[in-house]
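FYI, side chains are in, hydrogens and waters are out, and symmetry mates aren't considered; it's all heavy atoms of this structure.
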Amino acid sequence: VALRFGSESYSKGDHNRAESAFRDALQLFTLTGNKKGVGVSQNNLSVVMLSFNKHAEAESNCLSAIQNAEELLSELLRNAQNVEGNEEVMKARRVLSDRKGNLAIIYLQDERFAAAFAIIES
């Protein structure tokens, strides 16, 4: 619910309310051990922080979200019976790719072009 509320607030331009909702969601997901929710919250916070031109905080949240996505993907790959064509694995790879794209955007806005291209190519 907090993620949906944050996303709706963000899309309506109320970035302060979105930040608050995403921080609440991060706290809740952290307390309950919901790794997927933690990553989504971190990713969404990075987008909000970027909208506030808080690039260091945006980068920090984005790097945490990427690490989270890498860990979840690794877990899936270890446990998957058949990786080829596995919908969960493909979705986890897309999530990781999207988060790396968000980090590249942060780097581009900071004119850190080499870092942006390195993350895109990874």
Examine distances only and state if a side-chain atom of [X] and a backbone atom of [Y] form a donor-acceptor pair shorter than 3.5 Å.
X      : Y      : result
Asp110 : Arg112 : no
Arg99  : Ala65  : yes
Ser20  : Arg17  : no
Asn68  : Ser64  : no
Thr30  : Leu26  : yes
Thr32  : Leu28  : yes

Rounded to the nearest 0.5 Å, what separation is found between the [atom1] atom of [X] and the [atom2] atom of [Y]?
X      : Y      : atom1 : atom2 : answer
Arg93  : Leu77  : CZ    : CG    : 5.5 Å
Lys100 : Ile105 : NZ    : CD1   : 15.0 Å
Phe22  : Asn44  : CZ    : CG    : 4.0 Å
Arg4   : Ser9   : CZ    : OG    : 12.0 Å
Leu108 : Leu103 : CG    : CG    : 9.5 Å

Please list, chain by chain and in numerical order, all residues satisfying side chain to side chain donor-acceptor pair (under 3.5 Å) with [X], sequence neighbours excluded.
X      : result
Glu70  : none
Gln109 : none
Glu19  : Arg23

*Does a salt bridge link Asp14 with Lys12, judged by any charged N lying under 4.0 Å from a carboxylate O?*
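Judged by the 4.0 Å cut-off on N to carboxylate O distance, Asp14 and Lys12 do not form a salt bridge.
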*asked:* So, using salt bridge (charged side-chain N to carboxylate O under 4.0 Å, His left out) as the criterion, who are the partners of Asp98 when residues are at least two apart?
replied: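 Salt bridge (charged side-chain N to carboxylate O under 4.0 Å, His left out) check on Asp98 returns nothing, list empty.
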_Residues which pass salt bridge (charged side-chain N to carboxylate O under 4.0 Å, His left out) with Lys91, listed by chain and number, not counting sequence neighbours_ =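 None.
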*Can you establish whether the number of heavy atoms outside Phe52 located under 6.0 Å from its atom CZ is more than 12?*
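Correct, the count exceeds 12.
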_Non-neighbouring partners of Tyr10 that pass ring-ring contact (aromatic ring centres under 6.0 Å, His included), sequence neighbours left out_ =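 Result, ring-ring contact (aromatic ring centres under 6.0 Å, His included) vs Tyr10: His15.
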*Which atom pair, heavy atoms only, marks the closest approach of Ala92 to Leu76?*
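So the two residues come closest at CB-CD1, 3.6 Å.
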*asked:* I need the minimum non-hydrogen distance between Phe29 and Ser41, along with the two atoms involved.
replied: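 Heavy atoms only, the tightest pair is CD1-OG, 3.4 Å.
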*Side chains of Gln67 and Gln42: closer than 4.5 Å at any heavy-atom pair?*
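Not in contact.
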*Connected via hydrophobic side-chain network under 4.5 Å: Leu63 and Leu73*: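 Linked within one cluster.
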*asked:* Regarding Asn102 and Asn43, do their side chains bring together a donor and an acceptor under 3.5 Å, going by distance alone?
replied: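 A pair is found: one side chain offers a donor N or O, the other an acceptor, under 3.5 Å apart.
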